[in-house]
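Beneath this line is the structure, given in structure tokens, with notes to follow.
Worth knowing before you read on, the calculation uses all heavy atoms, side chains too, and leaves out hydrogens, waters and symmetry mates. Counting starts at 1 for both ligands and their atoms, following the listed order. Note that the numbering runs from 1 along the sequence shown for the chain.
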Amino acid sequence: MAKEPVRVLVTGAAGQIGYALVPMIARGVMLGADQPVILHMLDIPPAAEALNGVKMELVDAAFPLLKGVVATTDAVEACTGVNVAVMVGGFPRKEGMERKDVMSKNVSIYKSQASALEQHAAPNCKVLVVANPANTNALILKEFAPSIPAKNITCLTRLDHNRALGQISEKLNVQVSDVKNVIIWGNHSSTQYPDVNHATVMTPSGEKPVRELVKDDAWLNGEFITTVQQRGAAIIKARKLSSALSAASAACDHIRDWVLGTPEGTWVSMGVYSDGSYNAPAGVIYSFPVTCKNGEWTIVQGLAIDEFSRKKLDLTGVELTEEKELAYSCLS
Ligand code: NAD
Ligand code: LMR
């Protein structure tokens, strides 16, 4: 019997990540090749015409899994009945703007969209925040949607996770699908800590630790980390636009693994509401290694954290605490 369609909201759908993301969702990349979807696309009035153009292209693409498209500038209409919400819309930093100005714009957007989701989304809606500052936007959304369980509100650090896998695969000249269990700790910002201490590569003679194969701790503790931390900026420099196809692909990976589960023995990185695991600050959205089963994520516990890593976990945690304070100061 055919499955009931799942309603997926994409905010900022007329933007560049939206343009890469909606066809992936309509093709089954996010929820599976047998899962029909109804796309809800939200943008702001100045982008309404462009949004309608995206809707026209979705119709023209004749995706068999796509059972309907809602394209609107009304947050209530966009949020009504959605099972998955991918929050890509936000206010970008413009010339001359201070960090606080960008935070203030996004805090008010995420505050109002939190209410629309809380009141109109389907029960148990899963939320993924992509728009920057992703962790803190997700935290604001959580604070202003108190009836949505905290475990349903996450932010995207899977792009950073995938970037780390990509760097290791290039360094060792192995398939990226043979590399696993890197970790992104903390903030989706340049203070994030990409950690390979538990990562492995599948080789013809079995699974081997990345450190044993790379044999270059200076690279792993230096250039590897800064490359992953600065990759977003490198893409902006090269494209004059921020990453879009890789961000859209990572958003699909994040939701797919969350809904359908992570493979046995594999974890992924997700920004989730911190319970203080690994002595990360509690009460912020912090990226941890997680496994997913039956639609629920669980933080992987018991991993050894050496002194080098400890400092980096703390540093990114401090930044998240400061962002939280800044966000709250914008609310008052
Ligand atoms: P973009 O400017 O091309 O698109 C953003 C869209 O959001 C625009 O169409 C805009 O009209 C819309 N928008 C603005 N305010 C809105 C609101 N209140 N409601 C609904 N829509 C609204 O930007 P993009 O390149 O698609 O990037 C989107 C966001 O994702 C940015 O904040 C970017 O920094 C972030 N990003 C995050 C990651 C990550 O890994 N977490 C990676 C790449 C980009
Ligand atoms: C990315 O990681 O590519 C983006 O978050 C960069 C950015 O600042 O938009």
Exercise for the section: Can you sort out which atoms of ligand 1 are near L159, meaning under 4.0 Å from one of its heavy atoms? Expected result: 40 (O), 42 (C)

Exercise for the section: Check ligand 1 against Q113 and write out every atom of the ligand that is under 4.0 Å from a heavy-atom position of the residue. Expected result: 17 (C), 18 (N), 19 (N), 20 (C)

Looking at [X], which atoms of ligand 2 are within less than 4.0 Å of one of its heavy atoms?
X: G232; result: 1 (C), 2 (O), 3 (O)
X: S242; result: 9 (O)
X: S243; result: 1 (C), 3 (O)

Problem - Sequence neighbours excluded, every pair satisfying salt bridge (charged side-chain N to carboxylate O under 4.0 Å, His left out) that has a member inside residues 160-175 - result: D160-R163, K171-D216

Handout entry: Shared hydrophobic cluster, Y278 / V318 (ILVMFWY, side-chain heavy atoms < 4.5 Å)
Key = no

Handout entry: Under 3.5 Å: donor-acceptor pair, side chain of N152, backbone of C125
Key = yes

Exercise for the section: Kindly say whether H161 contributes a backbone atom to a donor-acceptor pair with the side chain of S269 at under 3.5 angstrom? Expected result: no

Residue, atom name and distance, where the atom is the protein heavy atom closest to [atom]:
atom: atom 7 (C) of ligand 2; answer: N132 ND2, 3.6 Å
atom: atom 5 (O) of ligand 2; answer: H188 NE2, 2.6 Å
atom: atom 1 (C) of ligand 2; answer: R163 NH2, 3.5 Å

Within the structure, does [X] bring an N/O atom to less than 3.5 angstrom of an N/O atom in ligand 1?
X: A247; value: no
X: V130; value: yes
X: S243; value: no
X: F91; value: no

Handout entry: Stacked cation flag K142 on Y273, 6.0 angstrom / 45 deg
Key = yes

Problem - By salt bridge (charged side-chain N to carboxylate O under 4.0 Å, His left out) - contacts of D178 (at least two apart) - result: none

Practice task
Could you pull out, from D160, N132, N162, L51, the option with a heavy atom nearest to atom 31 (C) of ligand 1?
Solution key: N132

Problem - Criterion side-chain contact (heavy atoms from CB on, under 4.5 Å) on L313 and Y286, from CA distance to verdict - result: CA-CA 10 Å; L313 262 76; Y286 191 99; 3.5 Å; yes

Handout entry: Test: R310 and D306 ion pair at under 4.0 Å
Key = no

Exercise for the section: With heavy atoms under 4.0 Å as the rule, classify the contact between I109 and ligand 1 as side chain, backbone, both or neither. Expected result: side chain

